[in-house]
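To find a chain, count down the sequence lines: A is the first, B the second, and so on, and within it residues start at 1. Remember, it's a predicted structure, so these values are computed and weren't measured experimentally.
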Amino acid sequence: MAINAPRGTKDVLPDEVYKWQYVESFIRRWTALFGYKEIRTPVFEHTELFQRGVGDTTDIVQKEMYTFVDKGNRSITLKPEGTAGVVRAYIEHKLYAEAQPIKLYYLSPIFRYERPQAGRLREHHQFGVEAFGSYGPSIDAEIVDLAMSLLNNLGLKGLEIHINSIGCKQCRPVYHKVLMDYLADRLDRLCDTCRSRYDKNPLRILDCKEKGCQAVLTDAPDIVDYLCDDCKKHFDSFQDYLSAMGYKYEIDPRIVRGLDYYTRTVFEILSTDERSPGTICGGGRYDDLVEQCGGPSIPGAGFGMGLERLLLCMDSQGIIIPVPKGPDLFIAAVGEQAYHYSIGLASMLRKRDISVEIDHVARSLKGQFKYADKLKAQYVLVIGSDEMASGHVSCKNMSTGQEQRMELDNIAERLHSLLH
RNA sequence: GUGGAUGUAGUUCAGCUGGUUAGAGCGCCAGGUUGUGGCCCUGGAGGCCGUGGGUUCGAGUCCCACCAUUCACCCCA
């Protein structure tokens with residue numbers, strides 16, 4: 001019996017959850033400001049959904065999915081990305097019947113069978129948004145703005161926005177042909193995987209990192225030069241809107257993304273920081289996906305943001321996430337009778353909205369103070385037989401060391417005024 | 001999937017060319033205070049030296065395999 005977490009997974013321990021909660025609180029604030037509502041979809045879906053949605057030729061579907069047959073003989077797959085499930089829910093619940101666009105966000109674990117390394121896990125977590133029902137480039141710009149606002153507000157520096165357009169079903173075949181013609185007499189200089197991509201998905205050859213392929217591609221035609229008029233117009237206005245929002249961006253004709261469903265706009269937000277991984281957010285437009293998954297012909301746009309990478313990036317940039325406060329009060333009891341009384345007092349004070357800690361392992365008074373200190377308790381109340389008899393307790397401020405006496409009768413009020 | 005590095009207390013790490021009871025800092029517990037934390041002092045608990053095999057009189061140390069971690073690549077968030 002292995003007692004370690006499965007390869008490529010990580011526990012978030014109590015000492016560090018506050019970092020996640022901090023980031024999540026920013027996500028909830030910014031999605032609210034932009035009008036995106038949360039959607040929660042299952043961690044697993046029918047395998048077919050991802051095969052159809054994400055695309056059979058992608059690495060994700062071909063070799064990275066966690067797929068198994070359940071006891072009812074269904075093929076089930078753990079989400080390898082966030083969009084497909086949201087699209088399925090959008091179609092299943094006929095959200096297209098509501099006023100469009102429908103703007104959604106999710107926080108979800110994502111599973112991919114990969115070789116783990118820094119910022120790369122078999123289970124990672126993504127924050128993502130999906131906006132359905134608008135062909136307009138303003139929604140493309142809005143989601144970039146949402147991602148950038150969030151990241152900037154968290155304090156990240158040195159972010160770059162890289163954008164591209166990969167056309168639509170009208171103009172992409174034209175570019176495919178141009179690219180294939182260009183590559184036709186250079187096939188022997190491409191790597192094995194690229195040669196196999198030549199027929200199935202030639203666009204993917206563009207982002208091959210092999211030196212040989214890179215050399216071949218230096219003079220390759222750029223897709224932006226072959227966009228149809230509508231796609232060209234869309235791409236231009238997208239850029240205009242980004243500028244109107246005050247963003248600098250870079251057109252990178254090599255961004256094609258590893259998911260087949262993208263059309264027109266694709267983008268990545270990456271950190272130029274050397275110590276942390278590059279891409280922390282990637283997304284784009286998917287005008288044919290809803291229809292491909294069996295819904296009406298409705299466009300969409302969205303992105304996914306890797307939370308582990310975001311946290312890594314914040315850490316390497318030295319961004320300090322505020323550590324949560326300790327309890328308002330620690331009650332230190334001396335003796336059986338006082339402890340018995342203190343248990344009741346702690347319960348009462350918690351109901352009065354004061355956070356209270358108390359010893360549960362029979363520590364000495366000194367031990368209780370040390371423990372209170374470790375917990376970062378703001379005040380410590382000492383209760384022993386003297387206090388029980390007199391009805392007065394001493395309350396010690398742990399940061400100044402000063403003690404004051406107070407009556408047990410109105411203790412909650414006194415504490416409230418101390419804690420304001 | 002390909003290539004490199006690394007696995008020793010809870011944690012970070014020492015352990016020289018194989019040699020007797022495997023060490024340190026931090027953390028944890030207790031004591032130095034009879035009812036008071038942080039600092040200081042003293043003591044204590046805690047290790048099948050990743051797992052399995054091999055070489056050897058003898059392995060934490062050398063060899064092999066496996067497992068895990070980590071870095072680069074592929075790909076992606």
Determine yes or no for a side-chain-to-main-chain donor-acceptor pair under 3.5 angstrom, with A:E81 supplying the side chain and A:T83 the backbone. yes
Could you tell me if the ring centre of A:Y261 sits under 6.0 Å from that of A:Y286? yes
How many whole angstroms separate atom CZ of A:R254 from atom P of B:rC76? 15 Å
Assigned partner base of B:rA24, Watson-Crick or wobble definition, under 3.5 Å: B:rU12
Across the strands shown, which category fits A:I110 at heavy-atom distances under 4.0 angstrom: base, sugar-phosphate, nothing? nothing
Can you check the distance between B:rG44 and B:rU51, where both ends of the measurement are the C1' atom (answer in whole Å)? 31 Å
Enumerate the protein-to-nucleotides 32-39 of chain B contacts in which both atoms are nitrogen or oxygen and the separation is below 3.5 Å.
from, atom 1, to, atom 2, distance (Å)
B:rG35, O6, A:D386, OD2, 3.1
B:rG35, O6, A:E387, OE1, 3.2
B:rG35, N1, A:E387, OE1, 3.0
B:rG35, N1, A:E387, OE2, 2.8
B:rG35, N2, A:E387, OE2, 3.0
B:rU36, O2, A:K396, NZ, 3.2
B:rU36, N3, A:E403, OE1, 3.3
B:rU36, N3, A:E403, OE2, 3.2
B:rU36, O4, A:E403, OE1, 3.3
B:rG37, O2', A:D373, OD2, 3.3
B:rG37, N7, A:K396, NZ, 2.9
B:rG37, N1, A:M398, O, 2.5
B:rG37, N2, A:D373, OD1, 3.0
B:rG37, N2, A:M398, O, 2.6
B:rG37, N3, A:D373, OD1, 3.2
B:rG38, O4', A:D373, OD2, 3.3

Taken in chain and number order and not counting sequence neighbours, the residues that satisfy side chain to side chain contact (heavy atoms under 4.5 Å, CB included) with A:Q117 are A:R120
With sugar-phosphate meaning primed atoms plus P, OP1 and OP2, does A:E114 contact a base, only sugar-phosphate, or nothing at under 4.0 Å between heavy atoms? base
Rounded to the Å, how far apart are A:L307 CG and B:rC76 C1'? 15 Å
Sequence-aligned protein contact record of nucleotides 66-71 of chain B, with B where the base is within under 4.0 Å of a protein heavy atom and S where only the sugar-phosphate is: --SSSS
Watson-Crick or G-U wobble partner for B:rC73, using a 3.5 Å limit on both distances? B:rG1
